[in-house]
K.L.:
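Take this structure, written in structure tokens, and hold onto it; I'll ask about it next.
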Amino acid sequence: MKKSVFLGALTVAGLAAGVAAAGTLEDVKARGKLRCGVTTGLVGFAAPDANGHWDGFDVGMCRAVAAAVLGDGEAVEFVPTTGKTRFTALASGEVDLLARNTTWTYSRDVDLKFEFVGTNYYDGQGFMVPKALGVSSAKELDGATVCIQTGTTTELNLADFFRANNISYEPVPIETNAEAQQQFLAGACDVYTTDASGLAATRATFENPGDFVVLPEIISKEPLAPLVRHGDSEWADVARWTLNALIAAEEYGITSANIDELAKGTNNPEINRVLGTEGNLGEMLGLSADWAYKAIKVNGNYGELFEKTIGSNTPIGLSRGLNAQWTDGGLLYSPPFR
């Protein structure tokens with residue numbers, strides 16, 4: 001679910017400029033806990049279970065960073081944020097890292113003064129409708145009511161798509177995915193639009209998922225990425241290279257099953273550098289030599305995290321697609337660890 005870019009831009013930029021962000025790594029170490037901004041609840045990506053324990057694809061990023069910095073993937077305080085509140089939470093210092101299916105855009109990066117540390121899910125906006133509506137294309141939605149989360153890039157994309165196709169719609173504004181689901185199932189809107197991954201996650205929670213169809217059109221590019229504040233390059237490097245470690249681990253065949261054996265040393269210098277048995281990459285980040293080992297160990301590699309939270313064998317049922325490794329025709333590609 002891509003979120004806000006146009007609401008409160010000046011306020012958020014002002015907050016970001018006013019926060020002394022230059023010591024986030026030291027702050028997290030001193031606090032002994034990572035404060036991670038997540039969604040208010042999207043099954044597969046970030047949601048608490050009955051015991052209040054958070055799980056999901058984005059949650060995995062939070063836990064990996066906590067493990068890299070603190071040695072403990074459970075040392076995370078999860079802060080639920082909406083499309084409207086997430087950027088203020090990051091800019092004000094309420095959270096250290098935002099990992100909640102947020103689209104990397106020019107204005108968020110430049111005008112709102114944030115730093116996106118790398119795409120962790122390549123997505124695009126889609127449309128879900130009840131099968132009973134009898135439509136097979138988004139271009140047939142003239143006059144439809146559309147449930148849409150406020151403060152999101154979805155709003156802008158929706159307006160562009162309908163305008164380009166010379167059709168009209170009536171927006172039904174909602175704040176959270178839970179509210180969208182409730183309104184959509186109650187018939188308050190004909191259509192729900194958000195990232196295709198969010199639609200799959202939402203439909204998976206329905207009592208009768210087969211009664212709803214995701215239309216074929218993907219109307220935007222939505223590179224979803226974790227982000228931090230501008231002005232703290234050291235902290236940005238920690239988040240960026242933690243994500244790269246998960247991606248590289250999959251490419252090099254480092255898994256939760258073999259990581260302990262590989263950490264004893266291998267004939268592959270790149271694997272050794274990632275796991276800290278060769279070189280001084282951890283020292284460069286201000287972390288322990290085995291920081292990446294700890295980050296990978298808590299969730300497994302990128303592919304393992306993907307498959308157990310949102311993959312084809314989960315109720316979410318997402319295929320890798322663009323999120324496959326570059327060696328498999330996807331877009332995932334980590335710079336070298338050297």
K.L.:
Checking side-chain contact (heavy atoms from CB on, under 4.5 Å) for the pair V228/T24: CA distance, chi angles, key distance, verdict?
P.N.:
CA-CA 10 Å; V228 297; T24 308; over 6 Å; no
K.L.:
Answer yes or no: are there more than 12 heavy-atom neighbours, outside F206 itself, under 6.0 Å from its atom CZ?
P.N.:
yes
K.L.:
Are the side chain of D237 and the backbone of E234 linked by a donor-acceptor contact shorter than 3.5 Å?
P.N.:
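Not a single qualifying donor-acceptor pair exists.
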K.L.:
Under the side-chain contact (heavy atoms from CB on, under 4.5 Å) rule, what do E155 and T150 come out as? Steps first, then yes or no, please.
P.N.:
CA-CA 7 Å; E155 288 181 296; T150 53; 4.0 Å; yes
K.L.:
Which residue pairs pass the side chain to side chain donor-acceptor pair (under 3.5 Å) test with at least one member in residues 128-140, sequence neighbours excluded?
P.N.:
S136-E140, S137-E217
K.L.:
Distance from L199 atom CG to R203 atom CZ, nearest 0.5 Å?
P.N.:
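That separation rounds to 8.5 Å.
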K.L.:
To the closest 0.5 Å, what do you measure between CD1 (I167) and CZ (F161)?
P.N.:
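The distance works out to 5.5 Å.
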K.L.:
Give the C-alpha distance, both sets of side-chain angles, the deciding distance and a yes or no for ring pair (Phe, Tyr, Trp, His ring centres under 6.0 Å) between F212 and F184.
P.N.:
CA-CA 11 Å; F212 302 89; F184 181 60; 5.5 Å; yes
K.L.:
List the atom of I296, the atom of L275, and the distance in Å for their closest heavy-atom pair.
P.N.:
CD1-CD2, 4.2 Å
K.L.:
Run the side-chain hydrogen bond (donor to acceptor under 3.5 Å, both in side chains) check on Y302 and E307 step by step: do they pass?
P.N.:
CA-CA 9 Å; Y302 178 96; E307 291 306 327; over 6 Å; no
K.L.:
Using 30° and 60° as the class limits, which term best fits the ring planes of F127 and F162: parallel, tilted or perpendicular?
P.N.:
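Perpendicular: the ring planes of F127 and F162 meet at over 60°.
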K.L.:
Do Q125 and T194 come within less than 4.5 Å of each other through their side chains, counting heavy atoms only?
P.N.:
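The answer is no, as the side chains (C-beta and beyond) never meet within the 4.5 Å cut-off.
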K.L.:
Below 3.5 Å, can you tabulate the donor-acceptor pairs from side chains in residues 57-64 to any protein atom, sequence neighbours excluded?
P.N.:
from	atom 1	to	atom 2	distance (Å)
D58	OD2	N101	N	3.0
R63	NH1	G73	O	3.0
R63	NH1	E74	OE1	3.4
R63	NH2	H53	NE2	3.4
R63	NH2	W54	O	2.8

K.L.:
Under the criterion side-chain contact (heavy atoms from CB on, under 4.5 Å), I'd like the reasoning laid out for E115 against D109: C-alpha separation, chi angles, the key distance, then a yes or no.
P.N.:
CA-CA 6 Å; E115 187 165 351; D109 196 319; 5.6 Å; no
K.L.:
Mind jotting down which residue pairs meet the disulfide (SG to SG under 2.5 Å) criterion with at least one end in residues 83-172? Sequence neighbours excluded, please.
P.N.:
C147-C189
K.L.:
Of all the heavy-atom pairs spanning K308 and N299, show the shortest one and how long it is.
P.N.:
NZ-O, 3.1 Å
K.L.:
Can you tell me if E270 uses its side chain to pair, donor with acceptor, with the backbone of F337 under 3.5 Å?
P.N.:
yes
K.L.:
Considering residues at least two apart in sequence or located in another chain, which fulfil the side-chain contact (heavy atoms from CB on, under 4.5 Å) criterion with S288?
P.N.:
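Only D290, W291, K294 meet the side-chain contact (heavy atoms from CB on, under 4.5 Å) criterion with S288.
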K.L.:
So do K33 and V76 actually touch side chain to side chain, heavy atoms under 4.5 Å?
P.N.:
no
K.L.:
Rounded to the nearest 0.5 Å, how far apart are OG1 of T39 and CD of Q149?
P.N.:
7.0 Å
K.L.:
Considering non-hydrogen atoms only, spot the tightest contact between A99 and V38 and give its length.
P.N.:
O-CG1, 3.8 Å
K.L.:
Could you list the donor-acceptor pairs under 3.5 angstrom formed between side-chain atoms of residues 244-251 and any protein atom two or more places apart in sequence or on another chain?
P.N.:
from	atom 1	to	atom 2	distance (Å)
N244	ND2	R240	O	3.4
E250	OE1	G303	N	3.4
E250	OE1	R320	NH2	2.9
E250	OE1	Q325	NE2	3.0
E250	OE2	R320	NH1	2.9
E250	OE2	R320	NH2	3.4
E251	OE1	W326	NE1	3.3
E251	OE2	W326	NE1	3.3

K.L.:
Nearest 0.5 Å, what's the OG1-CD distance between T153 and E222?
P.N.:
4.0 Å
K.L.:
What heavy-atom pair brings V95 and C36 nearest, and what distance separates the two atoms?
P.N.:
CG1-C, 4.2 Å
K.L.:
Does a side-chain N-to-carboxylate-O contact under 4.0 Å join E26 and K29?
P.N.:
no
K.L.:
I would like to know whether V69 and L34 meet side-chain contact (heavy atoms from CB on, under 4.5 Å); could you show each step before the answer?
P.N.:
CA-CA 9 Å; V69 175; L34 171 73; over 6 Å; no
K.L.:
Give me the atom names and distance for the closest heavy-atom approach of G126 to T193.
P.N.:
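In this case the closest contact between G126 and T193 is O-OG1, 2.8 Å.
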K.L.:
Quick one: do T255 and N301 satisfy side-chain hydrogen bond (donor to acceptor under 3.5 Å, both in side chains)? Show the steps, please.
P.N.:
CA-CA 6 Å; T255 70; N301 63 39; 5.8 Å; no
K.L.:
Tell me, which pairs form a side chain to side chain donor-acceptor pair (under 3.5 Å) where one or both residues lie in residues 162-172, sequence neighbours left out?
P.N.:
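Output for this query lists D142-S168.
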K.L.:
Minimum heavy-atom separation for W235 to D96, with atom names?
P.N.:
NE1-O, 2.9 Å
